[in-house]
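Everything numeric in this text was worked out from a predicted model, so none of it was measured.
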Amino acid sequence: MNATSGSLPFPSLSPEEAAALIHNGQTVGFSGFTPAGAAKAIPKAIAARARDEHNAGRPFQIGVITGASTGASLDGELAMADAISFRTPYQSNQILRKRINEGKTRFFDMHLSGVSTAILNGSLGKVDYAVVEACDITANGEIVLTTSVGVSPTLCRVADKILIELNAYHPANLRGMHDIFEMPLPPNRREIPIYKAADRAGSPVIKVDPKKIAGIVHTQLPDETGEFVPASPVTDEIGRRVADFFASEIRAGRVPKEMLPVQSGVGNVANAVMAAMGNHPEIESFDMYSEVIQDSVIDLMDKGKIRFASGVSLSLAPSTLKRVYGDLASYRDRLVLRPQDVSNNCEVVRRLGILAVNTALEIDLSGNVNSTHVLGKDIMNGIGGSGDFTRNGYLSVFVAPSVAKGGKISAIVPLATHIDHNEHSVQVVVTEHGVADMRGKTPHERAKLIIENCAHPDYRPMLRHYCNVLASDGHAPQSLRDAFAMHRHFLETGDMRGVHW
């Protein structure tokens, strides 16, 4: 008997009644991977409760665990209410980011593939409540998720109690879109039986003890995703160069003609890369094995360029999601949503031979990549799943516009101020100016390739001087005295240009 029958044995709660069950100092795990599938009504009510408690002079904060980033009603509301004691593993909310960088909220960045294990082995502490958005639930404890999976299965497994946001905005016949495969802790793990992107290894639902379900909050709320951000000439050029590179790999026989599955990061650069690959005449239709399924994936699926897409979330513009829901039977055969410890699992990524494309903040002359911290200290969002795919992919590509802030910041620097992906994992760097294929190259050869192919012309003379004069000796191009001169100049003048070595 499903949730539409009106005969479920679980208490029907208001968001405020659900929030009243959660107490100061507890840890709450929320559904969501991007704003897709994120809990909305209950976290807003928790934030309102926190404000009331603070106004009364009483402390109220909770630990927050999610799959990745979430929406404004979760991270934003809780951050504004000073209701978060710690947050992991990833975030993208401006208010929360500010609190983290000011030291007011504890945040620890994690590889997304490792979050479920950390929850299961207790290293993140006890989880008191799981708050999960669903489109359907049965009396015997079968939960059908909405537009993401994230770590919801693990949270439901370990939490003392579960609160369900039953969201009528999403159709109950999403059942069948999800593949819930849960792994035990070592030493009881077996291989994950996924041998191609379309394989399914688990169940279409999360199965829990019905006694754990503390109540249901009925909602009808859309995901807090925005409309598609249009491409720019720079992102289009980056996308074209990535597509040309993969086409050249096919011609060289290093990538099979029928293509390998593709993983792509999030944002307008990632959308531009996918669009360019779909339009390239030498790239045949291919599969996606990734985390976030964005608008460009659905567009290419409609054109027959993407055969199948496996991900963790459908993070689509509202208009695109309506398109999917309007023909759900067709899309259900071409889409699957998995837990992130399966989508990002090194075993599966290596077996399938993933072509990994991720975004960098800055790239240094050795090929190290900073994808998380501005000037080495202030976090942007987090490492997310980029490390999972970069370290284990068949090919690892990092993309970035060559400059930011109107040319005042170079993405290519002598030494990255924070290193998330080291030179041993980064194989290819792409900007709008070109491609640096660093495979089989020495550190000095890599540096020259990155400068000549990827750096903005305004910065090439100073980078050449650094590489050829200041850091010309030794195995790697590095001068401890001069490595951060461009960053120091920016802090002093607001512009990296004009450095006098």
Side-chain angles (χ1 to χ4, degrees), residues 3 10-50 60-79 81 83-91 93 96 115-116 119 124-137 141 143-170 206 208-221 223-224 313 339-340:
F10 315 117
S12 181
L13 305 174
S14 68
E16 293 73 23
E17 289 170 332
L21 299 174
I22 294 168
H23 302 297
N24 177 52
Q26 291 188 322
T27 295
V28 182
F30 294 94
S31 65
F33 195 101
T34 74
K40 303 167 186 67
I42 296 174
K44 284 185 75 171
I46 295 171
R49 182 172 175 217
F60 189 95
Q61 288 189 327
I62 59 171
V64 175
I65 303 171
T66 64
S69 59
T70 67
S73 292
L74 204 166
D75 276 337
E77 290 286 339
L78 291 174
I84 304 176
S85 60
F86 76 83
R87 178 72 171 86
T88 197
Y90 185 91
Q91 55 74 44
N93 181 269
L96 178 56
V115 179
S116 285
I119 295 169
L124 298 181
K126 178 176 175 287
V127 179
D128 298 285
Y129 276 88
V131 180
V132 176
E133 182 180 87
C135 64
D136 200 9
I137 183 171
I143 301 168
V144 183
L145 297 171
T146 61
T147 46
S148 71
V149 179
V151 289
S152 293
T154 304
L155 293 171
C156 288
R157 191 195 316 184
V158 305
D160 289 344
K161 293 289 183 181
I162 301 168
L163 291 164
I164 302 293
E165 287 193 13
L166 192 58
N167 192 344
Y169 182 87
H170 302 284
I206 299 175
V208 302
D209 182 349
K211 295 176 183 176
K212 290 181 64 172
I213 298 176
I216 294 176
V217 174
H218 291 267
T219 70
Q220 189 164 359
L221 300 168
D223 286 334
E224 295 168 340
S313 74
Q340 64 202 60

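- Using a 4.5 Å heavy-atom cutoff, the side chains of V28 and V131 are in contact.
- The two residues S116 and V151 have their closest heavy-atom pair at OG-CG1, 3.4 Å.
- Side chain of S85 to backbone of G63: a donor-acceptor contact under 3.5 angstrom is found.
- Interatomic distance, CD of Q61 versus CD of Q26, reported as 14.0 Å (0.5 Å rounding).
- Taking CZ from R157 and CD1 from I162, the interatomic distance works out to 12.0 Å, rounded to the nearest 0.5 Å.
- Using a 4.5 Å heavy-atom cutoff, the side chains of L145 and S31 are not in contact.
- Of the possible donor and acceptor atoms, none in the side chain of E224 sits under 3.5 Å from a partner among the backbone N and O of P35.
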Verdict with reasoning, I62 to Y129, per side-chain contact (heavy atoms from CB on, under 4.5 Å): CA-CA 11 Å; I62 59 171; Y129 276 88; over 6 Å; no

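- Atom CD1 of I164 is separated from atom CD1 of I137 by 4.5 Å, given to the nearest 0.5 angstrom.
- Side chains of R87 and T66 form a contact here, defined as non-hydrogen atoms less than 4.5 Å apart.
- When atom types are taken as modelled, the side chain of S313 and the backbone of F33 share a donor-acceptor pair closer than 3.5 angstrom.
- Note that the CD atom of E17 and the CD1 atom of I42 stand 11.0 Å from one another [nearest 0.5 Å].
- With rounding to the nearest 0.5 Å, the separation of CZ in F60 from CD1 in I22 is 7.0 Å.
- Of all heavy-atom pairs between H218 and S12, the closest is CD2-OG, 3.6 Å.
- Within the 4.5 Å cutoff, side-chain heavy atoms of H23 are placed close to those of R49.
- Closest heavy-atom contact between L155 and A130: O-CB, 3.8 Å.
- The shortest distance between side-chain heavy atoms of L13 and L21 falls below 4.5 Å.
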CA sep, side-chain torsions, deciding dist, call: F10, L166, side-chain contact (heavy atoms from CB on, under 4.5 Å): CA-CA 12 Å; F10 315 117; L166 192 58; over 6 Å; no

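- Looking at heavy atoms from C-beta onward, T70 lies out of side-chain contact with Q91 at the 4.5 angstrom threshold.
- Residues T27 and K126 are not in side-chain contact: their nearest non-hydrogen atoms beyond the backbone lie 4.5 Å or more apart.
- G76 and N93 get closest at one heavy-atom pair: CA-ND2, 3.4 Å.
- Closest non-hydrogen pair, P15 versus A41, comes out as CB-O, 3.8 Å.
- T147 contributes a side-chain N or O that, together with a main-chain N or O of G37, makes up a donor-acceptor pair within less than 3.5 Å.
- Here the side chain of K212 pairs a donor or acceptor atom with the backbone of C156 at under 3.5 angstrom.
- In this structure a side-chain-to-backbone donor-acceptor pair under 3.5 Å is missing from K161 to G215.
- Across all non-hydrogen atoms, the minimal contact from G150 to P153 is O-CD, 4.3 Å.
- The backbone N or O of K40 lies less than 3.5 Å from a partner atom in the side chain of E165, making a donor-acceptor pair.
- I213 places a side-chain heavy atom less than 4.5 Å from the side chain of V208.
- Between atom CG of residue N167 and atom CD of residue E133 there is a gap of 4.5 Å, rounded to the nearest 0.5 Å.
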